[in-house]
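I have placed the structure first, in the form of structure tokens, so that the comments after it can refer back to it.
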Amino acid sequence: MSNHIVENLRKEIEAFKIEVKTEKVGKVLEVFDGIAKVSGLSDIKSSEMVTFPAGEVGVALNLEEDAVGIIILGDFSKIKEGDEVKATGRILEIPVSDGILGRVVNAVGTPIDGKGTIKAGKTYPIEKVAPGVVTRQSVDQPVATGIKAIDAIIPVGRGQRELIIGDRQTGKTALAIDAILNQKGQNMICVYVSIGQKDSKLRKLQARLEAGNSMDYTVIVSAGASEAAAMSYIAPYAGVSIAEYFMDQGKDVLIIYDDLSKHAVAYREISLLLRRPPGREAYPGDVFYLHSRLLERACRRNAKYGGGSITAFPIIETQAGDISAYIPTNVISITDGQIFLETDLFYKGIRPAVNVGSSVSRVGSSAQIKAMKKVAGTLKLDLAQFRELEAFSQFGSDLDESTKRQLERGKRSVEVLKQLQYAPVKTEHQVVTFYALTKGFMDDVPVEKIKEFEAGLIEYSERNAKTFYKEVMETKMWTDKGEEQLKKAIGDFKASFQK
């Protein structure tokens with residue numbers, strides 16, 4: 001028996017190996033407002049994750065000579081002076097998988113919708129260098145937003161960065177939600193990043209997307225108003241990492257940052273707490289880089305590098321229409337155009353309140369289908385001329401015939417571009433409406449009856465101009481045969497409408 005015990009002991013001793021486990025450990029010097037100053041982590045990397053005894057996670061942001069400034073992701077009240085801090089050796093990352101579709105997650109990828117855990121396939125770093133010029137392709141495929149004013153006049157292409165800018169309560173989020181609702185069946189995945197929004201607003205938004213059966217292809221990343229500034233700072237980068245996961249599979253993604261004004265404010269708060277020197281409007285000097293490195297990650301990759309695209313809709317809130325403020329000018333200079341929403345138009349009942357004169361798309365008609373390009377080509381110029389004439393005609397009563405005609409056409413154009421919230425319009429329906437408008441079929445329809453005429457025309461033409469619809473949907477352009485059929489349908493409908 002004793003021999004057996006000795007034999008076992010010998011085996012145990014022979015199998016025994018000394019394993020040296022090294023851990024980088026520091027101590028909390030002070031903790032306040034979501035920030036911890038830590039000593040002893042001399043060889044930590046920037047953006048490296050650290051863990052605290054209470055299970056909280058932090059990220060190293062300030063690397064100073066005698067201490068490290070760490071932002072805490074979560075509840076900092078559980079952390080106290082003297083606590084041990086362990087470096088993980090991993091740069092901040094987020095778990096990603098196909099299972100994230102239809103879910104609401106926080107800034108570090110943890111589900112917050114009460115629907116259980118998400119099985120993570122892999123992790124993606126939150127900060128990443130944007131794809132280089134060699135890997136990119138020019139933007140020439142449209143993102144159909146379903147908003148007539150945008151699809152016709154300020155078209156957005158896959159891989160573009162189009163800024164939505166305006167004062168509070170002018171319908172910026174509504175535009176973005178309409179764009180998501182319209183992606184149903186368009187082979188596009190949507191990521192909505194909510195930064196510093198109230199929970200009630202987010203719940204309403206989620207309910208609206210669920211009602212439109214749009215959550216199936218959407219991910220919501222939320223950093224609520226009640227959460228730490230660190231979560232608001234990280235949320236957009238987490239969102240674009242999720243988007244990159246799908247782009248790497250060759251898919252097209254639409255990402256909405258709502259909004260980057262609050263993102264900049266959260267970063268300013270963190271920077272001031274970390275004692276970084278303030279610059280203009282108390283923002284830190286690298287606030288431009290904060291947004292440029294985020295928005296540069298939106299692009300369209302060429303087939304050699306796997307295809308796929310990320311289209312970005314950053315949202316910026318202005319104060320009293322001041323687009324020359326610091327953050328608005330920064331983001332305008334980074335993006336490929338802006339959709340400017342105006343309070344005056346909103347209160348006049350012109351909704352969406354898009355100011356066509358100030359709005360621009362630097363991709364232009366290359367992001368439109370041929371049919372849309374043909375019918376909406378002169379619309380922006382016509383509207384700009386109408387605005388001038390409208391101001392001028394207030395002072396003069398006797399106008400010549402051509403000016404009167406232009407004014408009447410302009411009034412109908414403004415009426416056609418009005419649209420109800422959460423009611424995106426299919427591209428082929430837009431083409432029919434703009435065809436009827438620009439070819440003069442609506443010139444003698446009373447302005448107050450334009451909406452009724454438009455709705456009736458869509459319904460009638462779908463039944464009686466099937467060739468036209470088929471051509472536009474399949475070849476993106478119509479033939480003479482299709483056009484004749486549409487003209488006849490518009491003529492017949494107009495005759496019955498005016499009786």
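When reading the values below, keep in mind they use all heavy atoms of this one structure, side chains included, and skip hydrogens, waters and symmetry mates.
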Can you check side-chain hydrogen bond (donor to acceptor under 3.5 Å, both in side chains) on Thr311 and Gln160, steps first, answer last? CA-CA 5 Å; Thr311 309; Gln160 191 176 343; over 6 Å; no
Partner residues of Tyr435 under the ring pair (Phe, Tyr, Trp, His ring centres under 6.0 Å) criterion, sequence neighbours left out: Trp478
Taking Gln430 for the side chain and Val425 for the main chain, is one N or O donor matched with an acceptor at less than 3.5 Å? yes
No-hydrogen, no-angle side-chain donor-acceptor test under 3.5 Å, Asn302 and Arg136: no
Pairs where residues 455-468 contributes a residue and the test salt bridge (Lys or Arg N to Asp or Glu O under 4.0 Å) is met, not counting sequence neighbours: Glu459-Arg463
Taken in chain and number order and not counting sequence neighbours, the residues that satisfy side chain to side chain contact (heavy atoms under 4.5 Å, CB included) with Asp480 are Glu483
Apply side chain to side chain contact (heavy atoms under 4.5 Å, CB included) to residues Ile70 and Val50 and explain how you reach the verdict. CA-CA 8 Å; Ile70 285 169; Val50 299; 3.8 Å; yes
Which of parallel (below 30°), tilted (30 to 60°) and perpendicular (above 60°) describes His429 and Tyr469? perpendicular
Quick one: does Ser461's side chain have a donor or acceptor within less than 3.5 Å of a partner on Ala489's backbone? no
Can you confirm whether more than 12 heavy atoms, excluding those of Tyr422, are under 6.0 Å from its OH atom? yes
Any donor and acceptor pair, going by atom type alone, linking the side chain of Asn182 with main-chain N or O of Ala144 inside 3.5 Å? yes
Sequence neighbours excluded, the answer for ring pair (Phe, Tyr, Trp, His ring centres under 6.0 Å) partners of Phe453 is Phe493, Phe497
Please determine whether salt bridge (charged side-chain N to carboxylate O under 4.0 Å, His left out) holds for the pair Glu48 and Arg90, giving the CA-CA distance in whole Å, both sets of side-chain angles, and the decisive distance to 0.1 Å. CA-CA 6 Å; Glu48 188 175 327; Arg90 298 192 337 263; over 6 Å; no
Does a sphere of radius 6.0 Å around CD in Glu281 hold more than 12 heavy atoms from other residues, nucleotides or ligands, not counting ones at 6.0 Å or beyond? yes
For residues 211-220, pull every pair meeting salt bridge (Lys or Arg N to Asp or Glu O under 4.0 Å), keeping only residues two or more places apart or in separate chains. none
Looking at Arg293 and Glu127, is there a salt bridge between them, counting it only when a charged N and a carboxylate O are closer than 4.0 Å? yes
Checking side chain to side chain contact (heavy atoms under 4.5 Å, CB included) for the pair Leu383/Ile153: CA distance, chi angles, key distance, verdict? CA-CA 10 Å; Leu383 277 165; Ile153 302 168; 3.6 Å; yes
Could you tell me whether Lys128 atom NZ has more than 12 heavy atoms of other residues or ligands within 6.0 Å of it? yes
More than 12 heavy atoms from other groups under 6.0 Å of CG on Leu420: no
Decide side chain to side chain contact (heavy atoms under 4.5 Å, CB included) for Leu205 and Ile177; before the verdict, give the C-alpha distance in whole Å, the side-chain angles of both, and the deciding distance to 0.1 Å. CA-CA 8 Å; Leu205 191 143; Ile177 298 310; 3.6 Å; yes
Could you tell me the separation between the SG atom of Cys190 and the CZ atom of Phe313, rounded to the nearest 0.5 Å? 10.0 Å
Inspect the contact between Glu415 and Lys418 and indicate whether a charged nitrogen and a carboxylate oxygen are less than 4.0 angstrom apart. yes
Would you compute the distance between atom CG of Leu417 and atom CD1 of Ile450 and round it to the nearest 0.5 angstrom? 11.5 Å
Within a 6.0 Å radius of atom NZ on Lys380, are there more than 12 heavy atoms belonging to other residues, nucleotides or ligands? yes
Not counting sequence neighbours, list each pair that qualifies as a side chain to side chain donor-acceptor pair (under 3.5 Å) and has a residue in residues 184-193. Tyr192-Asp258
More than 12 heavy atoms of other residues, nucleotides or ligands under 6.0 Å from NZ of Lys373: is that the case? yes
Check for a donor-acceptor pair, side chain of Asp259 on one end and backbone N or O of Ile316 on the other, with a separation under 3.5 Å. no
Check: Ala152 main-chain N/O paired with Gln368 side-chain donor or acceptor under 3.5 Å: yes
Are any of the side-chain heavy atoms of Phe288 and Ile334 separated by less than 4.5 Å? yes
If you look at every heavy atom in Ser222 and Val104, which pair is closest and at what distance? CB-CG1, 4.5 Å
Might you work through the side-chain hydrogen bond (donor to acceptor under 3.5 Å, both in side chains) test for Ser194 and Lys201, ending with a clear yes or no? CA-CA 10 Å; Ser194 169; Lys201 182 181 176 181; over 6 Å; no
Which pairs with one or both residues in residues 336-364 pass salt bridge (Lys or Arg N to Asp or Glu O under 4.0 Å), sequence neighbours excluded? Arg161-Asp336
Salt bridge present between Lys198 and Glu227 (N-O < 4.0 angstrom): no
Examine distances only and state if a side-chain atom of Asn62 and a backbone atom of Leu274 form a donor-acceptor pair shorter than 3.5 Å. yes
Is any side-chain heavy atom of Glu428 closer than 4.5 Å to a side-chain heavy atom of Phe468? no
Is any side-chain N of the basic residue among Arg301 and Asp252 closer than 4.0 Å to the acidic one's carboxylate O? no
Run the side chain to side chain contact (heavy atoms under 4.5 Å, CB included) check on Phe346 and Asp167 step by step: do they pass? CA-CA 11 Å; Phe346 188 83; Asp167 284 6; over 6 Å; no
Distance alone, cut at 3.5 Å: any donor-acceptor contact between the side chains of Arg409 and Gln406? no
State, yes or no, whether a side-chain contact exists between Val331 and Leu295 at a heavy-atom distance under 4.5 Å. yes
For atom NZ of Lys115, decide whether the heavy atoms of other residues, nucleotides or ligands shown that lie under 6.0 angstrom number more than 12. yes
Run the side chain to side chain donor-acceptor pair (under 3.5 Å) test against Asp140 and tell me which residues pass, sequence neighbours left out. Arg300
Between the OG1 atom in Thr318 and the CD1 atom in Ile165, the distance rounded to the nearest 0.5 Å is 5.5 Å
Donor-acceptor contact present, side-chain Thr135 to main-chain Gly132, <3.5 Å: yes
Within the distance-only criterion (no hydrogens, no angle test), does the side chain of Ser97 pair as donor or acceptor with the backbone N or O of Lys119 below 3.5 angstrom? yes
Check: Arg268 side chain, His263 main-chain N or O, donor-acceptor pair, under 3.5 Å: no
Taken in chain and number order and not counting sequence neighbours, the residues that satisfy ring pair (Phe, Tyr, Trp, His ring centres under 6.0 Å) with Phe246 are none
Looking just at side-chain N and O atoms, do Thr467 and Gln485 make a donor-acceptor pair shorter than 3.5 Å? yes
Whether the side chain of Glu56 engages the backbone of Asp75 through a donor-acceptor N/O pair (distance < 3.5 Å, no angle test) should be reported. yes
Quick one: list whatever passes ring pair (Phe, Tyr, Trp, His ring centres under 6.0 Å) with Tyr326, sequence neighbours left out. Tyr283
Using side chain to side chain donor-acceptor pair (under 3.5 Å) as the criterion, list what pairs up with Glu452, not counting sequence neighbours. none
List the residues meeting side chain to side chain donor-acceptor pair (under 3.5 Å) with Glu454, not counting sequence neighbours, and say none if there are none. Lys148, Lys451
